[in-house]
**Q** 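First the structure, which I've put down as structure tokens, then a few questions once you've had a look.
Residue numbers begin at 1 in each chain, while the letters A, B, ... track the order of the sequences. Source: prediction; values computed, not measured.
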There are 2 protein chains.
Amino acid sequence: MARKPSAADAPLRLDNQICFAVYSAAHAFNRVYKPLLDRLGLTYPQYLVMLVLWERDDVPVKDIGEKLFLDSGTLTPLLKRLEAAHLVKRSRSREDERQVLIALTPQGYALKEKARAVPQSILAASDCSVSELVAMKDEIVALRDRLNAVIGE
Amino acid sequence: MARKPSAADAPLRLDNQICFAVYSAAHAFNRVYKPLLDRLGLTYPQYLVMLVLWERDDVPVKDIGEKLFLDSGTLTPLLKRLEAAHLVKRSRSREDERQVLIALTPQGYALKEKARAVPQSILAASDCSVSELVAMKDEIVALRDRLNAVIGE
DNA sequence: TCACATTTAATTGTTCGCAATTGAATGTGC
DNA sequence: GCACATTCAATTGCGAACAATTAAATGTGA
């Protein structure tokens with residue numbers, strides 16, 4: 001019974017899953033980033049947080065979470081590690097004591113200059129034109145946003 | 001100094017990172033899958049392992065790892081949980097005692113039928129035509145493979 | 001003002017994901 | 001046949017990721 005490939009099984013074949021394509025691509029990116037980020041002393045999620053803060057710091061944890069789609073259960077310990085590495089400072093907001101504001105330290109600011117080498121290495125590893133990458137990125141973001149829209153029912 | 005958006009900062013802007021698009025899309029998929037897989041009693045990585053085994057079981061851990069790009073540090077505990085859930089059986093190969101072969105139990109086989117509902121739910125959540133999804137999947141897989149090619153130098 | 005709901009981080013517990021190491025089995029070169 | 005390298009899974013330790021809960025601060029309605 002059902003020994004040879006059946007057409008009815010196609011939807012369950014690993015190679016037909018776009019989710020697995022995305023999942024495995026994310027891990028592949030992680031592995032390419034690893035040696036680059038090791039030099040900065042950052043993990044990949046920490047790098048994402050730093051990207052947010054390099055655009056604008058002195059922001060509450062919640063804002064970082066909304067930009068990265070992460071919650072406090074992930075961010076609180078991560079930010080404590082960044083603080084232990086002297087890259088950020090955490091402090092309660094005076095206007096609203098519930099909020100913890102995340103600010104860059106001078107070392108945190110300075111790391112941005114070292115980080116400028118990262119995107120070009122990634123581009124090289126992608127072995128692909130910038131315009132192709134931008135087009136793919138836009139498609140993937142659109143898919144992500146449609147998926148996220150479904151989650152809130 | 002550098003208060004307003006600078007063109008030099010574009011490569012470091014979060015919204016310009018294809019890696020973040022992929023990373024956040026993977027998490028979005030995870031969140032859409034969660035309620036569907038809860039009904040099967042599986043996590044998303046466990047579901048991927050089951051997809052592999054539904055295509056062919058009685059395979060060594062290494063084969064599963066190569067298909068999913070995961071190593072024994074991830075798979076060993078995951079497979080033990082699947083065994084505890086009576087979905088797979090782990091046994092040492094007689095021909096090569098180093099290998100652990102993973103076989104489906106009757107319950108593991110049976111779960112495939114319940115799983116058939118999953119892909120169509122995902123398709124609906126993607127809100128996108130099959131042909132578009134296939135095209136995206138192929139592009140992402142190609143990017144993933146180029147990235148993986150760089151890792152082995 | 002006071003009861004009540006909401007917001008925000010932090011905490012706890014479970015599951016991934018991976019680097020590094022270990023130990024047993026197998027393969028090899030001499 | 002025997003020393004040596006290689007392969008394979010398991011283990012350990014650390015850092016995410018998230019659900020669920022907690023606690024404190026703030027907002028709201030009567």
**Q** Any donor-acceptor pair under 3.5 Å linking the side chain of A:S93 with the backbone of A:V100?
**A**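 Here the side-chain-to-backbone pair does not exist.
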**Q** I'd like to check the ring pair (Phe, Tyr, Trp, His ring centres under 6.0 Å) partners of A:F20; sequence neighbours left out, ordered by chain and number.
**A** none
**Q** Can you find a donor-acceptor pair, distance only, under 3.5 Å between A:T43 side chain and D:dA16 base?
**A** no
**Q** How long is the span from the OG1 atom in B:T74 to the CG atom in B:L79, to the nearest 0.5 Å?
**A** 10.5 Å
**Q** Enumerate the protein-to-nucleotides 4-7 of chain D contacts in which both atoms are nitrogen or oxygen and the separation is below 3.5 Å.
**A**
from: D:dT7; atom 1: O2; to: B:R98; atom 2: NH1; distance (Å): 3.2

**Q** Which whole-number value in Å describes the distance from A:E97 CD to C:dT7 P?
**A** 19 Å
**Q** Reading DNA chain D from 5' onward, which residue's closest nucleotide shows up sooner: B:T74 or B:E66?
**A**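 The 5'-side residue here is B:E66.
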**Q** Under 4.0 Å: is that the gap between some side-chain N or O of B:Q99 and OP1 or OP2 of D:dA9?
**A** no
**Q** How would you label the contact of B:P77 with the nucleic acid (heavy atoms, under 4.0 Å): base, sugar-phosphate, or nothing?
**A** nothing
**Q** Tell me whether the rings of A:Y44 and A:Y33 are parallel (<30°), tilted (30 to 60°) or perpendicular (>60°).
**A** tilted
**Q** Using a heavy-atom cut-off of under 4.0 Å over every strand shown, decide if B:L78 touches base, sugar-phosphate, or nothing.
**A**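 Since only primed, P, OP1 and OP2 atoms lie under 4.0 Å of B:L78, the category is sugar-phosphate.
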**Q** Counting only N and O atoms by type, is there a donor-acceptor contact under 3.5 Å from the side chain of B:R146 to the main-chain atoms of A:D127?
**A**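 Checked: pair present.
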**Q** Whole angstroms only, please: what is the CG-C1' distance between B:N30 and D:dC18?
**A**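 It is 9 Å, rounded to the nearest whole Å.
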**Q** Whole angstrom is fine here: how far is it from CG in B:L42 over to C1' in C:dC16?
**A**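 The answer, rounded to whole Å, is 14 Å.
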**Q** For A:W54 and A:Y47, take the angle between the two ring planes, folded into 0 to 90°, and tell me which bin it lands in: parallel under 30, tilted 30 to 60, perpendicular over 60.
**A** perpendicular
**Q** If you assign A:P60 and A:R31 each to the DNA chain C nucleotide with the nearest heavy atom, which residue ends up on the more 5' nucleotide?
**A**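 Taking each residue's closest nucleotide, the earlier one in sequence belongs to A:P60.
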**Q** Look at A:K80 and C:dT11 and indicate whether a side-chain polar atom (N or O) is within less than 4.0 Å of OP1 or OP2.
**A**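 Yes, because at least one side-chain N or O of A:K80 sits under 4.0 Å from OP1 or OP2 of C:dT11.
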